[in-house]
Amino acid sequence: MVYLAALAILLVSAFWRLDPLSFSVVHRLGLTNFQILWRESVYRKIAVRTVGISAGVTITDVLLAFPLAYYAARLAGSRLKAAILLSVTLPLWSSYLVRIYAWRLILDRQGLVNWTLHKLHLASVDISFTNWAIWIAFTYLWLPFVFFPIYASLERIPGSFLEASSDMGAKWPMTLRRVILPLALPGIVAGSIFSFSLTLGDYITPTTVGNTQFIGNVVYNNVLGVASNQPFGAAFALVPVAVMAIYLLAARRVGAFEAL
Amino acid sequence: MARPTPDTEQRTPPPERARLQAAVRLEGVHKRFGDVTAVDGVTLDVRQGEFFSMLGPSGSGKTTCLRMIAGFETPTSGTVLLLGRDVTRLAPYDRDVNTVFQDYALFPHMTVGQNVEYGLRVKGVAPEERRGRAAEALRMVRLEGFERRKPSQLSGGQRQRVALARALVNQPAVVLLDEPLGALDLKLRQQMQIELKAIQQRIGLTFIYVTHDQEEALTMSDRLAVMNAGRIEQVGTPAEVYEKPSTGFVAGFVGVSNTLSGDAAREVTGSSATITVRPEKIRMLERDERPGDGECSVTGHVRDVVYLGANTRYTVDLDPGGELVVLQQNLARSSMEALEVRGKRVRLAWDRLHSRTLARSEEGTGPPGPGEEGT
Ligand SMILES: Nc1ncnc2c1ncn2[C@@H]1O[C@H](COP(=O)(O)OP(=O)(O)O)[C@@H](O)[C@H]1O
Ligand SMILES: [Mg+2]
């Protein structure tokens with residue numbers, strides 16, 4: 001309840017505005033904040049970057065998690081399965097900050113990646129403090145959250161469904177498309193909601209591993225930090241909320257929740 | 001898709017040869033899972049258009065046989081022939097066979113119509129034809145108009161019918177059914193037995209039906225194979241298997257076991273070879289009645305009486321040792337009269353033609369042949 005009330009205040013305060021002279025909040029509803037968001041290319045860029053990287057991370061995680069989860073759930077023997085499940089949970093064993101700093105070191109110009117490339121007599125790459133570094137770090141961070149829902153949904157498919165499909169003439173790609181994917185879709189959507197929303201809302205990794213701002217950084221600066229324009233921060237915070245709402249509606253349209 | 005389908009290949013031989021060709025032939029098929037031998041040398045012919053059952057206790061290898069015909073398992077050794085073609089190593093999607101699974105395996109994300117159309121759809125049949133044939137198959141199982149329902153909205157019996165329609169719509173050379181009625185309650189099961197048999201006769205497809213229920217196998221089958229410990233004990237018509245069981249196992253598993261051996265057998269037949277006789281073939285003689293010509297007889301005490309309404313079942317301890325179960329119709333007898341017989345001395349008699357001497361194959365003295373009767 002308290003949480004919902006806080007959300008409501010956030011929603012309302014996004015339509016207030018800060019008086020530019022007195023720096024006090026004017027409690028009158030208006031669209032000033034959203035006009036600024038739309039007009040200022042800096043904010044547009046930050047929003048597009050945040051949503052774009054979130055989408056990229058989500059797609060990468062699903063593409064990595066699905067084959068791995070399929071292998072673990074349906075093909076691997078019990079010992080190999082246990083090993084896969086254990087190694088997927090590895091990112092969860094250390095604290096968030098430790099993991100981010102680890103990635104910062106790995107991707108650093110003199111870090112592990114380039115050291116390895118150097119030993120292999122390959123050209124070094126310079127991706128530290130770029131969007132690529134953010135993308136890699138997020139993909140790693142959220143992989144367990146994408147893997148496990150997909151794994152659970154694949155594990156739940158009875159073997160007889162796959163046998164029935166092949167019994168009726170379908171080869172594996174057809175069975176994948178018409179039986180496995182539709183039945184795994186709720187798991188895929190659940191996992192992607194995790195990685196998408198966790199990336200959308202993050203404001204530590206972008207400035208630590210990368211050198212850019214996410215929506216979260218702007219919100220932080222305005223609500224708690226130096227910029228101190230609480231209504232504007234609230235308005236910007238609504239962007240990820242709106243994006244998530246659109247995403248969930250789209251997922252429902254494709255029937256992701258029907259098999260639940 | 002350019003490859004000739006099994007369908008066209010089947011139709012090339014002249015009709016009479018095609019009919020003589022076995023729908024399914026297993027030749028010396030073995031299947032081992034690690035140290036477990038699930039199927040231990042099965043040789044079997046299933047004729048085209050027949051309702052063939054595989055009957056046996058749980059773990060006797062029935063399902064494994066069926067799965068090797070469907071292509072879900074590959075035999076450790078031996079050959080599987082489908083209409084004369086060696087399919088031992090073909091994948092399920094390359095075999096002209098469809099299975100009705102015990103758990104039905106209906107796809108929950110598809111409607112009934114989409115489930116039934118699935119086989120035609122993956123084979124690239126045009127949508128109109130698909131819909132027509134699916135409707136036809138659903139009509140056959142008395143579920144017309146159910147196309148748009150989801151499997152979750154159906155009762156157990158209805159799901160079972162959808163699973164059947166989904167197999168029939170492909171018009172396969174053989175339909176495999178693995179205890180398809182196992183999940184249904186008794187009343188529905190009996191109703192479905194009649195219906196399944198009627199459908200099979202109407203469309204003339206070959207059915208191979210796995211069950212552990214002897215009554216089901218006897219009432220539905222044209223022929224059946226009795227399986228035990230991965231081997232076939234006997235193959236024959238229900239009457240042959242019931243009345244002339246060729247091994248003690250068959251006699252015991254199909255109907256009530258009534259076997260006499262040793263002294264009891266010698267007293268009755270003059271030889272110590274084991275014999276069997278069905279409970280309903282035995283008469284209980286009246287006090288002064290003598291056994292007729294061609295009848296054999298034995299005396300004993302009635303140990304137990306169970307009144308079953310239309311019938312009464314007596315268990316008789318025989319004087320020379322052993323026991324016989326006797327089933328008598330309650331023609332003019334009340335339950336009181338029937339129960340009074342308990343503890344009394346009785347003389348039992350039956351026509352010699354109804355007792356059968358068993359082969360001694362069932363325990364270790366070499367594998368029983370496939371037991372094919374010479375008919
Ligand atoms: N996939 C398998 N792995 C190991 N053992 C199996 C497997 N399938 C069947 N078996 C064993 O083979 C034997 C025959 O099983 P099955 O064919 O299912 O018998 P039925 O259908 O007559 O009950 C059983 O002992 C069973 O435990
Ligand atoms: Mg079985």
Side-chain angles (χ1 to χ4, degrees), chain A residues 62 66 69-70 73-81 149-193 248 250-260, chain B residues 1 3 5-7 63 66-67 69-73 90-111 114-125 130 134 137 150-152 162-172 174-178 180:
Chain A
V62 169
F66 188 86
Y70 186 85
R74 304 222 71 101
L75 303 174
S78 57
R79 194 139 2 126
L80 188 54
K81 178 191 285 197
I150 295 179
Y151 173 80
S153 68
L154 288 173
E155 177 102 287
R156 261 205 308 272
I157 301 176
S160 63
F161 286 10
L162 310 188
E163 287 184 347
S165 177
S166 113
D167 186 65
M168 285 181 284
K171 297 181 183 174
W172 196 79
M174 182 71 93
T175 301
L176 178 69
R177 189 157 73 99
R178 298 220 181 268
V179 180
I180 301 172
L181 279 178
L183 291 175
L185 196 59
I188 295 172
V189 169
S192 66
I193 287 171
L248 289 176
R252 206 180 65 175
R253 273 298 276 278
V254 301
F257 305 118
E258 272 169 30
L260 285 183
Chain B
M1 282 297 126
R3 179 178 69 86
T5 67
D7 233 31
T63 296
L66 213 63
R67 291 174 59 82
I69 298 170
F72 303 134
E73 308 281 0
L90 285 189
Y93 50 75
D94 283 328
R95 302 186 186 200
D96 189 16
V97 165
N98 285 112
T99 306
V100 176
F101 290 82
Q102 183 164 16
D103 65 356
Y104 314 138
L106 298 178
F107 302 132
H109 58 294
M110 297 184 193
T111 62
Q114 288 168 334
N115 265 286
V116 175
E117 284 179 38
Y118 188 82
L120 304 173
R121 182 174 195 165
V122 299
K123 283 177 207 109
V125 175
R130 226 155 64 192
K150 280 286 181 79
S152 58
V162 175
L164 182 64
R166 192 172 69 165
L168 297 180
V169 78
N170 304 298
Q171 299 181 323
V174 181
V175 180
L176 306 175
L177 305 99
D178 190 359

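In this text the structure is predicted, and so the values were computed from the model without any measurement. Proteins come first, then strands; the chains are lettered A, B, ... in the order of their sequence lines, and each starts at number 1.
When the ring-ring contact (aromatic ring centres under 6.0 Å, His included) test is applied to B/Phe72, the partners found at least two apart in sequence or on another chain are B/Phe101.
Residues B/Phe107 and A/Phe161 share a closest heavy-atom pair of CE2-O, 3.4 Å. What you find for A/Arg178 and B/Arg121 is that their closest heavy atoms are NH1-NH2, 3.2 Å.
Proximity to chain A is limited to the backbone of B/Leu106, based on heavy atoms less than 4.5 angstrom apart.
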When the side chains of residues 163-170 of chain A are checked against the rest of the protein, which donor-acceptor pairs come out under 3.5 Å, sequence neighbours left out?
| from | atom 1 | to | atom 2 | distance (Å) |
| --- | --- | --- | --- | --- |
| A/Glu163 | OE1 | B/Arg67 | NH1 | 2.9 |
| A/Glu163 | OE2 | B/Arg67 | NH1 | 3.2 |
| A/Glu163 | OE2 | B/Arg67 | NH2 | 2.7 |
| A/Ser165 | OG | A/Thr175 | OG1 | 2.8 |
| A/Ser165 | OG | B/Tyr118 | OH | 2.6 |
| A/Asp167 | OD1 | B/Thr99 | OG1 | 3.1 |
| A/Asp167 | OD2 | B/Asn98 | ND2 | 3.4 |
| A/Asp167 | OD2 | B/Thr99 | N | 2.7 |

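Within a 6.0 Å sphere centred on CZ of A/Arg74, other residues, nucleotides and ligands contribute more than 12 heavy atoms.
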